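Reviewing the structure listed below.
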Amino acid sequence: QVQLDESGGGLVQAGGSLTLSCVTSGPRLTSYYMGWFRQGPGNERDFVALINWNGDIKDYADSVKGRFTISREDMKTAYLQMNNLQPEDTAVYYCAVGNYYSDFKSKVIEAWGQGTLVTVSA
């Protein structure tokens, strides 16, 4: 019954930057892992990035390494700093929470946000 509230999506020109935010709430313990997925037009929901509770474990999809940075302000809030955005980054971005690293790789997620749209123009 965790609730995830995403924000920060929008329209940006190629080469620009956006920061996505995800705030979790609900009567539960904060998640060990938070992360992001994205789903482009006609595609499945793909892994983008994850971070554990203290930030000593981070992982990124190959397509975003060096451009995106995931961080946590605390145990319930996560950010995705997206730099040098390209048109292929256009997608609905979903925040996700879970307690195991492997869950994110297998897309067995405890809870999903509703998504925030990122559109990158050429």
Side-chain angles (χ1 to χ4, degrees):
Q1 57 187 8
V2 62
Q3 189 77 31
L4 284 72
D5 185 13
E6 299 138 316
S7 62
L11 175 64
V12 65
Q13 189 173 346
S17 299
L18 287 172
T19 299
L20 306 183
S21 300
C22 177
V23 180
T24 63
S25 62
R28 64 182 296 278
L29 296 175
T30 54
S31 299
Y32 286 93
Y33 289 88
M34 298 183 69
W36 296 88
F37 291 75
R38 67 185 182 185
Q39 187 167 11
N43 297 324
E44 65 179 352
R45 194 171 299 184
D46 293 326
F47 170 77
V48 176
L50 66 79
I51 186 169
N52 73 333
W53 72 276
N54 66 356
D56 63 355
I57 299 175
K58 297 179 182 179
D59 197 14
Y60 300 91
D62 288 341
S63 58
V64 306
K65 285 181 179 177
R67 298 188 298 119
F68 291 12
T69 303
I70 189 169
S71 62
R72 294 181 77 153
E73 181 178 349
D74 48 39
M75 292 297 293
K76 66 178 184 178
T77 306
Y79 303 96
L80 185 68
Q81 176 67 47
M82 305 183 295
N83 297 324
N84 192 24
L85 284 161
Q86 301 299 313
E88 55 265 34
D89 296 315
T90 295
V92 177
Y93 284 71
Y94 298 89
C95 186
V97 298
N99 288 316
Y100 300 96
Y101 179 96
S102 60
D103 290 348
F104 283 77
K105 297 300 185 180
S106 62
K107 289 185 265 189
V108 181
I109 298 299
E110 181 178 352
W112 297 97
Q114 294 301 305
T116 184
L117 177 63
V118 173
T119 302
V120 185
S121 64

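For clarity, every value in this text was computed on a predicted model and none was experimentally measured. Scope of the values below: all heavy atoms of this structure, side chains included, with no hydrogens, waters or symmetry mates.
Other residues, nucleotides and ligands contribute at most 12 non-hydrogen atoms within 6.0 Å of the CD atom of Q13. Within 6.0 Å of CD in Q114 there are 12 or fewer heavy atoms belonging to other residues, nucleotides or ligands. Annotation for W53: atom CH2 does not count as buried by contact number, only 12 or fewer foreign heavy atoms lying within 6.0 Å.
Here Y93 pairs with nothing under the ring pair (Phe, Tyr, Trp, His ring centres under 6.0 Å) rule; sequence neighbours left out.
The backbone N or O of K76 lies less than 3.5 Å from a partner atom in the side chain of T24, making a donor-acceptor pair. A donor-acceptor pair under 3.5 Å is absent between the side-chain atoms of N84 and the main chain of R67, judged by distance alone.
Of the inter-residue distances, the one linking T69 atom OG1 with K58 atom NZ reads 7.0 Å to the nearest 0.5 angstrom.
Considering only heavy atoms from C-beta on, D59 stays 4.5 Å or farther from F104 through its side chain. Looking at C95 and W36, their side chains come closer than 4.5 Å, going by heavy atoms from C-beta outward.
Taking both residues in full, the closest heavy atoms of L4 and A111 are given as CD1-CB, 3.8 Å, listed atom of the first, atom of the second, then distance.
Note on residues 43-53: pairs passing salt bridge (Lys or Arg N to Asp or Glu O under 4.0 Å), not counting sequence neighbours, are E44-K107.
Between the side chains of Q81 and N83, at least one donor N or O lies within less than 3.5 Å of an accepting N or O. For the residue pair D103/N99, the side-chain donor-acceptor check at 3.5 Å is not satisfied.
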